[in-house]
Amino acid sequence: MNEIVTERSNLFEPNVYITMCVEITGKVCPQKLSAAVKQAFEANEATMSKIVLKNGLAYYKKMPVSCCKTEICNENTNWIDLVNQNEKITFAIDKGELVRVFVIPSANQTQILIMAHHLVGDGKSIIYFVKDIMNALSDIPLTYKPLTLLERNLPQKGLSVAANLYARYCNYKWNNRYFVWQDYYDLHNKYWETISSDIQYKTLSVEETQKIIEDAKRIGCSVNSYIVTMFLQKYQSLCKAGIPVSIRQEKNEAMSNLTSGIYIKYKYDTQKTFAQNAMQVHKKITRELKRNRVFVLQFLARMPVTLLDAVLLNTYNSCSEHLAKKTAKVMGYSGKYKKDLGISNLTVIDIPVSYGNYKIKNIVFVPPAVSYSHNIIGVSTINGRMTISYHDISTGKSI
C-alpha cells in the first residue's frame, strides 16, 4: 500500500496547486496535443491513481483509467484567469482528479496550462510530465514510471532531540481523531469563498539572466543564494525565508514528491554591499543544507498523520483541538510563526527544448501559495532566460 506520510500536510491544504504555463512553438493540432496529454497521464502511476482516505489512513490507489482532465480552450483565453476560475473548484482527488491540463491554441504559439495537486508530485515532476507530453506529441514512445514514496528512504538518525521529543509528546497526547472527505471539501469551499490568487511574472532577457549568473560567480555564491538575497533586500527587518530542496536521485523522472525544505533567518544589512550580504546568505543556506536537508521530512514521518490534517483544519477555524492549535504554531502555520518568504527555484530546466517540429519557448512556474508562507516566489530558467513569478492570495504586490 502506498501510504501518504511525509506528504500528509498536503492532503487538507486548500491552496496546494502547482501551476505551470508552457509556451510551445510550431504548428500544433489541439486534438493531437490533447491526445498526447492523455498518453502522459497513462505513463505515470501518480496520474493513474486516486487518494483513499479510510479510518485515518490516506494512500494512493491505482485505477484502470486516469481521472485527470484535459480541456481545449478558446484562443483568447488568459491562463491566469483560467487558474483563478479553477482553483475555486475543488480537485476531486478522492476520484483521481490530481491534474487539470488546458490547451490554449493561437496563431503563433500554443500554451499548455498545467494545474497539479501537490500530492501528484513536486515541481520537477511537472517538468518531467511536460517532457512526456512533448515526446508523445512527437510520436516518441513513453516509458511507464511508478510512484516513488520518500519516507521509505529517509535516514533514521539526525533528527534533533527537541523535535524527537515533541513528536513523541504528540503521539502520546493526540486523541487520534480522524477526518473525512466532507471535511476536505468543506475546508476548500470555505477557503476560496472570498479570495483569488494574484499571479504576476516577469521573464528576464538572456542578457539580464546572464548578468545574474556572472554576478553570482564573481561574488562566490550560488545563483539560488543570489536570488534569495535579491528578495531579502526588500525586507527591512529579520526575515524568515523558506527554500524547497530537491532530494530526487539522478535520472529519476517519476511524478513523485521528492522535495524537502530548509529555512533561514536573515536581516539584510544595509551597511554592507549586496555581495557581502549574498555571501552571508549563501553560508547560511549551505549550513542548513548540510545540517537539516531532510529535517522536515523526518519530523513529519514521526508525527501522528491525522494531527497533520487537524493542523490545516485548525488554521482555517474548522477544528478546535488544542494540540492542533499548538502544533500549527510549531509548524509555522499561524501568525508570526509563518515564513515571510518562500522561494522555489527549479534552476535550469533539465529537459530537451526541441521535439521534432515543436519547441518549448518558455515555462512559467508558479508554486502553490501554501499556508505556512506569506509571499511565494517561483523561478525557472529555459532557453537562457529566467522567469520569476509571484503568487499571493490576498494582496497585489509586485515583484
Side-chain angles (χ1 to χ4, degrees), residues 18-47 68 70 79 99 101-106 108-116 120-146 148 201 203-210 212-213 223-224 244 246-256 258-259 344-367 378-389:
I18 300 170
T19 298
M20 213 163 276
C21 183
V22 183
E23 300 174 3
I24 58 176
T25 57
K27 189 171 180 59
V28 183
C29 170
Q31 286 73 24
K32 184 176 181 181
L33 181 51
S34 180
V37 174
K38 183 174 182 292
Q39 289 182 55
F41 286 148
E42 293 170 349
N44 290 277
E45 183 179 357
T47 45
C68 296
T70 311
W79 69 266
V99 182
V101 178
F102 304 89
V103 176
I104 309 173
S106 69
N108 300 319
Q109 67 176 19
T110 298
Q111 292 178 322
I112 307 171
L113 174 65
I114 301 169
M115 289 184 69
V120 84
D122 50 28
K124 287 274 190 180
S125 295
I126 311 307
I127 291 296
Y128 297 132
F129 180 67
V130 171
K131 180 181 177 181
D132 281 345
I133 294 172
M134 297 303 294
N135 277 332
L137 183 63
S138 304
D139 299 319
I140 297 173
L142 305 183
T143 302
Y144 183 77
K145 297 188 287 294
T148 305
Y201 69 95
T203 299
L204 306 182
S205 66
V206 172
E207 293 74 22
E208 289 170 323
T209 302
Q210 190 60 34
I212 290 175
I213 295 170
V223 171
N224 193 55
S246 176
I247 54 176
R248 183 180 292 264
Q249 293 183 345
E250 191 176 355
K251 297 184 179 179
N252 183 348
E253 297 188 356
M255 291 191 71
S256 305
L258 300 171
T259 303
S344 184
N345 185 3
L346 293 181
T347 64
V348 177
I349 302 300
D350 63 340
I351 61 172
V353 173
S354 297
Y355 299 81
N357 297 323
Y358 313 105
K359 182 177 180 180
I360 299 176
K361 180 182 177 183
N362 196 20
I363 293 179
V364 183
F365 165 55
V366 185
V379 185
S380 57
T381 304
I382 193 167
N383 293 317
R385 297 180 302 161
M386 181 181 293
T387 298
I388 301 174
S389 69

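Note: hydrogens, waters and symmetry copies are ignored here, and every other heavy atom, side chains too, is used. Just so it is clear, the model here is predicted, and its values are computed rather than measured.
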Exercise for the section: Any chance you could lay out the salt bridge (charged side-chain N to carboxylate O under 4.0 Å, His left out) test for Glu253 and Lys131, step after step, and finish with the verdict? Expected result: CA-CA 10 Å; Glu253 297 188 356; Lys131 180 181 177 181; 3.2 Å; yes
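- The two residues Ile133 and Ala36 have their closest heavy-atom pair at O-CB, 3.6 Å.
- Residues Arg385 and Thr209 share a closest heavy-atom pair of CA-OG1, 3.5 Å.
- In terms of heavy-atom proximity, Gln39 sits nearest to Ala136 at OE1-CB, 3.8 Å.
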Exercise for the section: For the pair Asp132 and Asn44, evaluate side-chain hydrogen bond (donor to acceptor under 3.5 Å, both in side chains) and give the outcome as yes or no after the intermediate values. Expected result: CA-CA 9 Å; Asp132 281 345; Asn44 290 277; 3.1 Å; yes
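- When every heavy atom of Lys27 is checked against every heavy atom of Tyr358, the shortest pair comes out as O-CE2, 3.4 Å.
- Phe129 and Phe41 have parallel rings, their planes meeting at less than 30° on a 0 to 90° scale where 60° marks the start of perpendicular.
- Here the closest heavy-atom approach between residue Arg248 and residue Ala254 is recorded as NH1-O, 2.8 Å.
- Between the side chains of Asp350 and Tyr128, at least one donor-acceptor pair of N or O atoms lies under 3.5 Å.
- Scanning all heavy atoms of the two residues, the minimum distance from Ile349 to Ser380 falls at CD1-CB, 4.0 Å.
- The only member of Gln111, Met134, Lys361 that meets side-chain contact (heavy atoms from CB on, under 4.5 Å) when paired with Ile24 is Met134.
- Between the side chains of Asn224 and Thr347, no donor N or O sits under 3.5 Å from an acceptor N or O.
- Taken from CZ in Phe365 to SG in Cys21, the straight-line distance is 13.5 Å, to the nearest 0.5 Å.
- Ser125 and Asp122 are linked by a side-chain donor-acceptor pair at a separation below 3.5 angstrom, with hydrogens and angles left out of the test.
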